[in-house]
2 protein chains.
Amino acid sequence: MAGEDIRNMLDVDRLVHEPARLAIMTILYTVEAADFLFLKRQTGLTKGNLSSHLSRLEGAGYVAIEKTFEGKIPRTICRLTDAGRKAFEDYRDWLKNAIKSTESKQK
Amino acid sequence: MAGEDIRNMLDVDRLVHEPARLAIMTILYTVEAADFLFLKRQTGLTKGNLSSHLSRLEGAGYVAIEKTFEGKIPRTICRLTDAGRKAFEDYRDWLKNAIKSTESKQK
DNA sequence: CAAACCGGTTTGCAATACAAACCACACTGC
DNA sequence: GCAGTGTGGTTTGTATTGCAAACCGGTTTG
């Protein structure tokens with residue numbers, strides 16, 4: 001029944017659903033670890049924006065942030081936690097379900 | 001290059017991206033026309049919430065709303081406009097691209 | 001030592017998702 | 001006929017947000 005699929009659409013992890021964070025998590029899922037500036041370049045986000053999204057992901061326990069020094073310049077290294085990895089995979093399932101719902105029963 | 005796909009993620013129609021509205025539009029895409037209460041039952045949204053989302057979709061020109069009377073009881077009939085249909089299909093493309101991006105290059 | 005740059009964080013604000021309150025009208029019991 | 005209940009919504013209030021601009025501690029450059 002389509003009603004079920006429709007309800008599932010509403011049940012989405014909004015933390016991952018936000019496009020900026022989805023982009024961040026997609027990168028982190030594939031590269032395993034990335035520093036702040038790499039993420040900034042890849043996503044095209046402003047640094048303020050990127051910073052606050054990373055903080056949110058860290059607060060949710062989806063991303064681990066490690067601050068080190070590379071010689072004298074600070075370096076912020078981000079990686080997905082297990083929970084983040086799980087959340088990302090769940091979101092991927094949501095995407096697949098959404099595709100299915102949007103494609104079934106079209107005239 | 002993955003950078004391109006990542007940027008595309010950020011370029012999404014937020015009007016459709018919102019889960020509640022995606023659910024509404026998905027229904028309207030398949031059934032062609034639906035009244036307020038049918039949408040309410042199918043989505044499980046509260047009427048206030050449904051009303052405001054419909055208003056927004058109407059404001060964007062994605063949904064046409066026609067108010068009639070069925071005997072003495074008011075009836076609000078909603079249907080996707082051509083623009084709405086286009087926006088929906090574009091969003092479906094976004095979904096496909098997102099799936100692709102989230103699945104490529106995983107280790 | 002002043003100015004500019006680097007790598008971010010915090011602040012301020014406009015937009016928005018949601019439910020509760022509200023509203024107009026129809027019907028029902030008394 | 002008029003209190004009370006139901007129907008079919010809209011409007012209001014609020015807490016959360018995404019975003020960029022302003023800021024900040026340190027470093028390099030002139």
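Proteins get letters first, then strands, A, B, ... in listed order; numbering begins at 1 in each. This structure is a prediction, so every number in the text was calculated from the model and none was measured.
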Item to complete: On DNA chain D, check which nucleotide each of B/Ser51 and A/Lys47 is closest to and give me the residue with the more 5' one.
Response: B/Ser51

Worksheet, complete the sentence: Assign each of B/Asn49 and B/Leu37 the nucleotide of DNA chain D bearing its closest heavy atom; nearer the 5' end lies the nucleotide of B/Leu37

Under 4.0 Å: is that the gap between some side-chain N or O of [X] and OP1 or OP2 of [N]?
{"X": "A/Arg75", "N": "C/dC6", "answer": "no"}
{"X": "A/Lys72", "N": "D/dG25", "answer": "no"}
{"X": "A/Lys67", "N": "C/dT9", "answer": "yes"}
{"X": "A/His53", "N": "D/dT17", "answer": "no"}
{"X": "A/Thr46", "N": "D/dC19", "answer": "no"}
{"X": "B/Arg56", "N": "C/dA15", "answer": "no"}
{"X": "A/Arg14", "N": "C/dC18", "answer": "yes"}

What integer distance in Å separates [X]:[atom1] from [N]:[atom2]?
{"X": "B/Leu57", "N": "D/dT10", "atom1": "CG", "atom2": "P", "value": "13 Å"}
{"X": "B/Phe36", "N": "C/dA24", "atom1": "CZ", "atom2": "P", "value": "18 Å"}
{"X": "B/Glu70", "N": "C/dA26", "atom1": "CD", "atom2": "P", "value": "15 Å"}
{"X": "A/Leu54", "N": "D/dT17", "atom1": "CG", "atom2": "P", "value": "16 Å"}
{"X": "B/Leu39", "N": "D/dT10", "atom1": "CG", "atom2": "P", "value": "12 Å"}

Worksheet item: Using the ring of each side chain (for Trp, its six-membered ring), is B/His17 parallel, tilted or perpendicular to B/Trp94, with breaks at 30° and 60°?
Response: perpendicular

Worksheet item: What heavy-atom pair brings B/Val63 and B/Thr81 nearest, and what distance separates the two atoms?
Response: C-CG2, 3.8 Å

Discussion item. Tell me the closest heavy-atom pair linking A/Ala20 and B/Leu10, and the distance in Å.
Written reply: CA-CD2, 3.4 Å

Discussion item. Heavy atoms from C-beta onward define the side chain here; which of D/dG8, C/dT9, C/dA17 lies closest to that of B/Glu18?
Written reply: C/dA17

Discussion item. Can you tell whether the side chains of A/Arg75 and A/Glu66 come within less than 4.0 Å, N to carboxylate O?
Written reply: no

Worksheet item: After noting the C-alpha distance and the side-chain angles of A/Tyr62 and A/Asp13, does the key distance pass the side-chain hydrogen bond (donor to acceptor under 3.5 Å, both in side chains) rule?
Response: CA-CA 12 Å; A/Tyr62 286 178; A/Asp13 185 345; 2.7 Å; yes

Item to complete: Indicate, with a heavy-atom threshold strictly under 4.0 Å, whether B/Leu50 touches base, sugar-phosphate, or nothing.
Response: nothing

